[in-house]
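First the structure, in the form of C-alpha cells, and then the observations on it.
Just so it is clear, the structure is predicted and the values come from calculations on it, not from any experiment. Note on naming: letters A, B, ... go to the chains in the order of the sequence lines (proteins, then strands), and numbering restarts at 1 for each one.
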Amino acid sequence: MDIARDLHIPLDAEAAFQRQRELARELDLSSPTRPPRLIGAADVAYAKDGSDEAYAAVVVLERDTLRVIDRADWVGPPAFDYLPGLFALREAATLVEAFKKLSTRPDVVLIDGHGIAHPRRFGLACQLGLTFGVPTVGCAKKRLCGKAEPLGPLHGSRARVLDKGETIGYALRTQDGIKPVWVSPGNGYDHASAVDLIMSVRGEYRIPEPLRQAHNASVELRAAAVEANG
DNA sequence: GCGACAG
DNA sequence: ATCTTGTCGC
C-alpha cells in the first residue's frame with residue numbers, strides 16, 4: 001500500500017503552521033459515501049529509556065466482529081520533538097511507513113490524536129488522511145483547544161466542542177461514568193459520522209477497540225525490540 | 001502578563 | 001509520550 005502523498009510539511013515551526021492552514025482547505029468534511037467494514041487504527045509508542053526510538057503500529061479490524069485481520073509496523077527515530085499543534089511533525093512519518101506495509105486497505109483509519117479539533121484545523125488525523133488517501137477520524141484522550149459544553153454521565157452522551165464560534169469536534173462518553181474521548185473528523189468524514197463510528201467500535205473500554213488494539217500492538221513491538229536488543 | 005498546551 | 005507511589009475496586 002504505497003500511495004502515500006507527500007504533503008511537503010516544512011520542519012520550521014512557523015512555516016509548518018502556515019502549511020497547516022493551507023492544507024486545511026483541502027479537507028473533505030462531508031459524510032462518507034459507504035458504511036465502513038474494515039476499520040484501521042494507528043498508534044505510536046516510544047522507548048522508555050532516553051533512546052530516540054519510535055514504535056509505530058497500524059491494525060485493521062472487521063467492524064462486525066472487532067477482530068484484528070491485519071497489522072503492520074515500523075521502528076525508527078521520530079523526526080521532530082513533540083510540540084502541541086505540531087504533533088504530526090513527530091508522529092506522521094512513522095505511521096506512514098507502517099501504513100504502507102499494510103496488505104489490507106481499511107475503509108477508515110482511527111488516529112490517536114485530533115482531526116480538525118486543532119488550532120489551525122489540521123491535526124494529525126487530517127494530515128494522515130490526506131497522506132494515506134484514506135478517510136480518517138481523530139480520537140484523542142485530551143482536549144487541545146476549544147471548549148466543550150456539559151455532557152451527560154452515560155455512554156453515548158456527547159457535547160459539541162466550540163472554538164471561536166465554530167464546532168470543531170465532540171466530547172464523547174464511550175462508557176458510563178468514564179472520562180470522554182475527543183472526536184473530530186480527519187478527512188472524508190463529518191462530525192456526526194465520526195461520532196457514530198467511534199460509538200460503533202467502542203468495545204468495553206474508554207478507548208475504542210481499534211485504537212486499543214493499535215496501542216497494544218505498538219507496546220508489544222517495543223517489548224519485542226527490548227527482547228532482541230538491549 | 002498569565003495560563004493552556006493532542007502525544 | 002514515559003516515569004513514579006500509592007490507592008481503590010472488581
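- Close to B/dG7, at under 4.0 Å from its OP1 or OP2, lies a side-chain N or O of A/Lys141.
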Protein-nucleic acid N or O pairs under 3.5 Å, nucleotides 2-8 of chain C:
{"unit_1": "C/dT2", "atom_1": "OP1", "unit_2": "A/Tyr46", "atom_2": "N", "d": "3.3"}
{"unit_1": "C/dT2", "atom_1": "OP1", "unit_2": "A/Tyr46", "atom_2": "O", "d": "3.4"}
{"unit_1": "C/dT2", "atom_1": "OP1", "unit_2": "A/Arg222", "atom_2": "NH1", "d": "2.4"}

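- For the pair A/Leu83 CG and B/dA4 C1', the computed distance is 14 Å after rounding to whole Å.
- Taking the side chain as every heavy atom from C-beta outward, A/Ile39 and A/Asp107 never approach each other to under 4.5 Å.
- When the C1' atom of B/dA6 is taken as reference, atom CG of A/Asp163 falls 14 Å away, rounded to whole Å.
- Summarising the geometry, the separation between CD1 on A/Ile111 and P on B/dA6 is reported as 17 Å, rounded to the nearest angstrom.
- A 4.5 Å side-chain heavy-atom check between A/Val108 and A/Pro32 finds every atom pair outside the cut-off.
- Atom pair A/Leu124:CG and B/dA6:C1' shows a separation of 8 Å (rounding to whole Å applied).
- For the pair A/Leu89 CG and B/dA6 P, the interatomic distance rounds to 15 Å; values are reported in whole Å.
- A/Arg212 forms a cation-pi arrangement with A/Tyr205, by the criterion of a distance under 6.0 Å to the ring centre and an angle within 45° of the ring axis.
- Enclosure of atom CG in A/Asp6 by more than 12 non-hydrogen atoms of other residues, nucleotides or ligands within 6.0 angstrom is indicated.
- A/Phe132 is not listed as a side-chain neighbour of A/Asn187, based on a closest heavy-atom distance of 4.5 Å or more.
- A/Leu86 comes within 4.0 angstrom of a nucleotide base, judged by non-hydrogen atoms across all strands.
- No more than 12 heavy atoms of other residues, nucleotides or ligands sit less than 6.0 Å from atom CZ of A/Arg67.
- Within 4.0 Å (heavy atoms only), A/Gly138 reaches no atom of the nucleic acid at all.
- In this model, the phosphate group of B/dC5 is approached by a side-chain N or O of A/Arg143 to a distance below 4.0 Å at OP1 or OP2.
- Between A/His114 atom NE2 and B/dA6 atom C1' there is a gap of 4 Å when expressed in whole angstrom units.
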